[in-house]
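Everything below concerns the one structure shown next.
Heads up: numbering here begins at 1 and tracks the sequence.
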Amino acid sequence: LEFVQNKAPKVTESDLSPATWEKDSSHEWCPPGHGDLYPAMLGSGTLDKLLKKGYRYMFVSNSDNLGATMDLKILAHFVQSEAPFMMEVAERTDADKQGGHLAESKAGGGL
């Protein structure tokens with residue numbers, strides 16, 4: 001299975017208008033982040049293809065974490081819990097300057 005996520009336009013700092021790069025217009029775009037995975041799979045039809053083939057679970061690793069492997073104990077816990085979603089997280093350190101963040105709901109504490 002081959003899958004390509006969406007892309008988002010880069011914007012200028014001064015007024016948030018779309019940025020331009022005359023020498024190479026491919027530099028005008030950036031990946032939208034981890035949260036785009038799910039709408040991109042749905043919009044591209046990839047999710048339907050996987051479900052029709054009988055897939056029920058998905059392990060996702062980002063390009064900066066290609067050494068990640070599936071821990072079968074965690075998968076078993078996920079299946080038994082019947083949770084709709086599970087994510088492994090770690091506290092940030094001073095070295096973690098880029099990337100997204102987890103937002104915790106003030107009402108209930110969920111992510």
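- A distance of 14.0 Å separates CZ of Phe78 from CG of Asp71, quoted to the nearest 0.5 Å.
- Between the CG atom of Asp36 and the CE atom of Met41 there is a distance of 11.0 Å, given to the nearest 0.5 Å.
- Taking each heavy atom of Pro32 and Asn6 in turn, the nearest pair found is CD-O, 3.1 Å.
- Separating the OH atom in Tyr57 from the CE atom in Met70 is a distance of 11.0 Å, to the nearest 0.5 Å.
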Stepwise side chain to side chain contact (heavy atoms under 4.5 Å, CB included) check, Leu72 with His77 | CA-CA 8 Å; Leu72 294 180; His77 171 74; over 6 Å; no

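- For Trp21, the ring pair (Phe, Tyr, Trp, His ring centres under 6.0 Å) partners at least two apart in sequence or on another chain are His27.
- Residues meeting the ring pair (Phe, Tyr, Trp, His ring centres under 6.0 Å) test with Tyr38, sequence neighbours left out: none.
- Here the straight-line distance linking atom CG of Leu75 with atom CZ of Phe59 works out to 10.0 Å at 0.5 Å rounding.
- Panel note: side chain Ser44, backbone Thr46; a donor-acceptor pair is recorded below 3.5 Å.
- To the nearest 0.5 Å, atoms CG (Leu51) and CE (Met58) are separated by 9.5 Å.
- Here OG of Ser17 is found 14.5 Å from NZ of Lys10. Values are rounded to the nearest 0.5 Å.
- In this structure, the side chains of Val79 and Arg56 stay at 4.5 Å or more apart for every pair of heavy atoms.
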